[in-house]
Asks: 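Below are the structure tokens for one structure; questions will follow.
Numbers for residues simply follow the sequence, beginning at 1.
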Amino acid sequence: MDDEHATKELSKHEAVTEEKIESHAASDDDFAVVDTVSSSTTSEAVQVSSPEHVTAATTTDASADASDADTDDANSHNDPLSVDKHDTAVPEDKHDAPLAADTDLLAETSLAHDTEEKHAKTNDDHDVSAATAAPEVIAEVQDIVKEIEEEKKHEEHDKEPENDDKEPEMGKTEDIEIERAVATTPEPVSVPVVSAVAPPMVTVTDTEIEPLQHRQHVDMDTDDDDDEHMPSYQPFTPTHVATATTNAAAAPLDADTSHKKGFQNTTDMDQIVELPVDGKIPDWLIGEHYTIGPGVFDVKYLRKVEIDGEIQHASSYFTFGHWFDALPLLNRFDINGTRNTISYRNRLPNARLVDRIRDHHGYTPPYPASVYKTNSNQTFISKFMKSNTKASRPDGEICGTRLLPSLPGMVGRLFAQNSAKHVQELDPFDMRPTRTFTWDEVNPRFKGYSSSAHGHFDQHTGEYFNFTMEVGYQTTQYHIFAISDREPAGSVIASVQGPTAFMSDIAVTPKYIVLTLYPYVANSSGMKYTWNESILDAFHFDHGRATLFYVISRERRQLMTVFRAPATFALHHVNAFEDLEARGHNIALDVICYKDDTILHQMTTDALRSPETHMVPSRLVASEVRRYTLVNIEEEHLAFAKRQQNASKAASNAAFSYSAPANGANASSGMSGKWASALGSLFRGNAQPSSAPSTAPTAATTTASTAANASWLPEARVSNLLAPSLELPQIHPSYKMYAYRFMYGLGFSAASAIQDGRIWDSIVKADVTTGAIVATWHKEHCYPSQAVFIPRDAKDAQEDDGVLVSVVMDAARATSFLLVLDAANLDVLATADLGMIVPISFAHGTYRLRK
């Protein structure tokens, strides 16, 4: 029988039932309730525990009344109250019977079962009078009728063709299981299901989750259970997360197209993902491309607070305060140009450190140069308890500045460095940290607090060059060292003394090493630095000091001379090479320069997330690509040696000294370390030297002041190579240490160059010989990280024969993609959508090509 006919019959039976209930309520007769458990019944007290009992009472009383026999028969056959709340299968031999007979069978079966079951459950409630039972019965019946009407609406709404092969949607499992249960039951008479609560209708929609903003306030949370299972760091979830098989161009555009979402937390993955490639990768490009950058800025922790006499959980966030301080994210791209495929995986390597921050509600820098600008949220006593320059467990150190494909004597691994002296060894496949070491563990003579994350590798000799800075009682020593496969433990090439200045790069040519000391000098004679203060708090830029270039001979292992130049600041060198045809040897050193250290303060987390309120000045300061030419080094060496000899006779310490330790002797002697710096601060004071230049060092001239204002030093020639503001420079690796023509870097588009609060949004190719911009790549609302130059391995390869590979954040589509450009003209060769946002990086990646 069809549903429409059953519905009409049901409506008739409901009307008859309501009339009968009203007649029973108006009468003074007691309800007789059939009791299947006890044989005794009473007319004074009845039990009404469910609509089924009401049905039994109504049917029994009506059967005794001869005048209402016809009406009672109809109600006993079709009373909807006698129907169970679940679908009841009818025996096959009853399928062709009339509606009244089917309904009678259902009513009798349900009544006998439900009356016995529910009367047994409520055997203690037998004192309900007829006067109070009648209103309850009416209310219950009305509720059931209302539920039947609602059920009809749901049945009409849910009439859709069923597909057993289709995967159920989230939240729809319950409805689908009910439909399948009905479908597998022998088809009964169309009797509506009476349900106390209608099945929930769940609609799955895309939920927009705002990125985690940097905040210092406390969020109150009284739900203990939820917070116990919250992740210790809060990942940034973009509005529209594209999967690895989704075309990013098809995703809707985000309202926020700024760079801000590139400075939020991200998550890592456990599996390798095949990325969809749009375009054609060069056939020769087969290998791994590794990148590193920020991954976790904010770590959530819980603390207990008392509010109105009750203990509640307060959710707070510890935030790393600088772009360079965030816990790193490692990315690995397996590129195969022959198959035109790219696979991707990533890792957050500092899980142990995240747990430590969550447990201690902050992070105490364990050694100098740990962080650039981060409030530890810890007491000063923690510096005494946790200060340790040695490396801790593999995943306990922040090494997020640079990746190296190998180190001499340690081939086959991947290495990450930080701005201090720590090196983290990684598995090159899954990027899991395997160990962490410091340079003085490689060789005790490489002692000091910090080194450069931009150490230089000479591919012709196989040597790796770097330095360590040792802060002592009276002087600061810089130990320049080299390691190689022939000498894995390495050796100190020379040690020079100078002002306590922070620097991040070193230049190497075939014959010389150039150590550049910018006037970014330590406060309190280095005491803040050695006691693990943030770099921006421990150093300041002194405009009255000169920039010093220490030239060390690789062959002679000695300090040749020192050049000076006006005060400047830099984060990266482009290249250095020799002009051997010039008289006395010249060195050209190309540097990306700033007028002071303002750029570091503009890279704080607050400034990048809220540039309109925290970036000062409001527009990112411009850089200049300058060439410093150190002229006639051999002749200047003779003059320098003579002055040093005279100075050593007149003063207890030479203005500029060097030593090349013999037979493994230490390069310096005396006290060093944080207590030495504290004593030095006490006796030397924190007075800044006068900006007036002195003519020559005398007995009354201290080392620091002489170094700052030694006008007798030769001046470096300065020229500007490029006008546009560029950063993160790259050149063909085979042209390092030699004259070159092309450089690549990040720059500004024409629109962003004149807007406040913008960061680099273009990739630029420049000709340093002419100062011209050769080509640019820019895409609206996209922000690239460093573009790594990967050369084509060929004998006849030109300087720009290769590709540039960069991870680009697309702010409009809330995703990132891998970009492959032709280095000759910056044409797009291929892109691969990552399906997630990879935070923008100022760090340095690397690659390994397979032949």
Asks: Are Lys447 and Asp440 ion-paired here, with the side-chain N under 4.0 Å from a carboxylate O?
Replies: no
Asks: Let me confirm one number: the CG-CZ distance from Asn466 to Phe457, rounded to the nearest 0.5 Å.
Replies: 13.5 Å
Asks: Nearest 0.5 Å, please: how far is CZ in Arg413 from CG in Leu407?
Replies: 12.5 Å
Asks: Would you compute the distance between atom SG of Cys399 and atom CG of Asn350 and round it to the nearest 0.5 angstrom?
Replies: 8.0 Å
Asks: When you look at Val718 and Thr629, which way does the side-chain contact (heavy atoms from CB on, under 4.5 Å) test go after all the steps?
Replies: CA-CA 7 Å; Val718 185; Thr629 305; over 6 Å; no
Asks: Taking only residues two or more places apart in sequence or in another chain, which ones pass side chain to side chain contact (heavy atoms under 4.5 Å, CB included) with Thr568?
Replies: Tyr518, Thr547, Cys593, Arg626, Tyr628
Asks: So if I apply the ring pair (Phe, Tyr, Trp, His ring centres under 6.0 Å) rule between Tyr372 and each of Phe324, Phe539, Phe842, which one comes out positive?
Replies: Phe324
Asks: Kindly write out the residues that satisfy salt bridge (Lys or Arg N to Asp or Glu O under 4.0 Å) with Arg432, not counting sequence neighbours, or none if the list is empty.
Replies: Asp430
Asks: Taking atom CZ of Arg848 as the centre, report whether more than 12 heavy atoms of other residues, nucleotides or ligands fall under 6.0 Å from it.
Replies: yes
Asks: Check this for me, if you would: do Lys373 and Asp537 make a salt bridge, where the nitrogen-to-carboxylate-oxygen distance has to be below 4.0 angstrom?
Replies: yes
Asks: Judged by modelled atom types alone, do Arg557 and Ser491 share a side-chain donor-acceptor pair under 3.5 Å?
Replies: yes
Asks: Any side-chain donor-acceptor pair under 3.5 Å between His601 and His322?
Replies: no
Asks: Which atom pairs, donor and acceptor, lie under 3.5 Å between side-chain atoms of residues 502-514 and protein residues at least two apart or in another chain?
Replies:
unit_1: Ser504; atom_1: OG; unit_2: Leu571; atom_2: O; d: 2.9
unit_1: Asp505; atom_1: OD2; unit_2: His573; atom_2: N; d: 2.7
unit_1: Thr509; atom_1: OG1; unit_2: Tyr512; atom_2: N; d: 3.0
unit_1: Thr509; atom_1: OG1; unit_2: Tyr512; atom_2: O; d: 3.3
unit_1: Thr509; atom_1: OG1; unit_2: Glu578; atom_2: OE2; d: 2.6
unit_1: Tyr512; atom_1: OH; unit_2: His585; atom_2: ND1; d: 3.2
unit_1: Tyr512; atom_1: OH; unit_2: Glu634; atom_2: OE2; d: 2.9

Asks: With side chain to side chain donor-acceptor pair (under 3.5 Å) as the criterion, how do Tyr367 and Glu397 come out once you've worked through the C-alpha distance, each side chain's angles and the decisive distance to 0.1 Å?
Replies: CA-CA 10 Å; Tyr367 43 79; Glu397 299 293 347; 2.8 Å; yes
Asks: For a quick check under 3.5 Å, do Ser841 and Ser785 share a side-chain donor-acceptor pair by atom type?
Replies: no
Asks: Between CG of Leu330 and CG of Leu348, what distance do you get to the nearest 0.5 Å?
Replies: 8.0 Å
Asks: Could you tell me whether the side chain of Thr374 and the main chain of Val371 form a donor-acceptor pair under 3.5 Å?
Replies: no
Asks: Check step by step if side-chain contact (heavy atoms from CB on, under 4.5 Å) holds for Gln424 and Arg435.
Replies: CA-CA 6 Å; Gln424 188 178 54; Arg435 71 171 177 135; over 6 Å; no
Asks: Does one side chain, of Ser495 or His479, offer a donor that lies under 3.5 Å from an acceptor on the other?
Replies: yes
Asks: Do the side-chain N and O atoms of Asp596 and Tyr520 include a donor-acceptor pair separated by under 3.5 angstrom?
Replies: no
Asks: Is a side-chain N or O of Thr846 found less than 3.5 angstrom from the main chain of Leu404, in a donor-acceptor match?
Replies: no
Asks: Could you check Tyr464, Phe467, Phe446, Tyr449 and say which one makes a ring pair (Phe, Tyr, Trp, His ring centres under 6.0 Å) with Trp439?
Replies: Tyr464
Asks: Among Val299, Val354, Ile398, find the residue that satisfies the side chain to side chain contact (heavy atoms under 4.5 Å, CB included) test when tested with Tyr363.
Replies: Ile398
Asks: In terms of side-chain heavy atoms, does Gln417 have a donor or acceptor partner in His422 at a distance below 3.5 Å?
Replies: no
Asks: Go through Thr438 and Val423 one step at a time and tell me if the side-chain contact (heavy atoms from CB on, under 4.5 Å) criterion holds.
Replies: CA-CA 6 Å; Thr438 58; Val423 182; over 6 Å; no
Asks: Counting heavy atoms not belonging to Glu555, are there more than 12 under 6.0 Å from its CD?
Replies: no
Asks: Would you please say whether a donor-acceptor pair under 3.5 Å links the side chains of Tyr594 and Glu727?
Replies: yes
Asks: Side chains of His456 and Glu463: donor-acceptor distance under 3.5 Å anywhere?
Replies: no
Asks: In Å, rounded to the nearest 0.5 Å, how long is the span from CG of Leu548 to OG1 of Thr516?
Replies: 9.5 Å
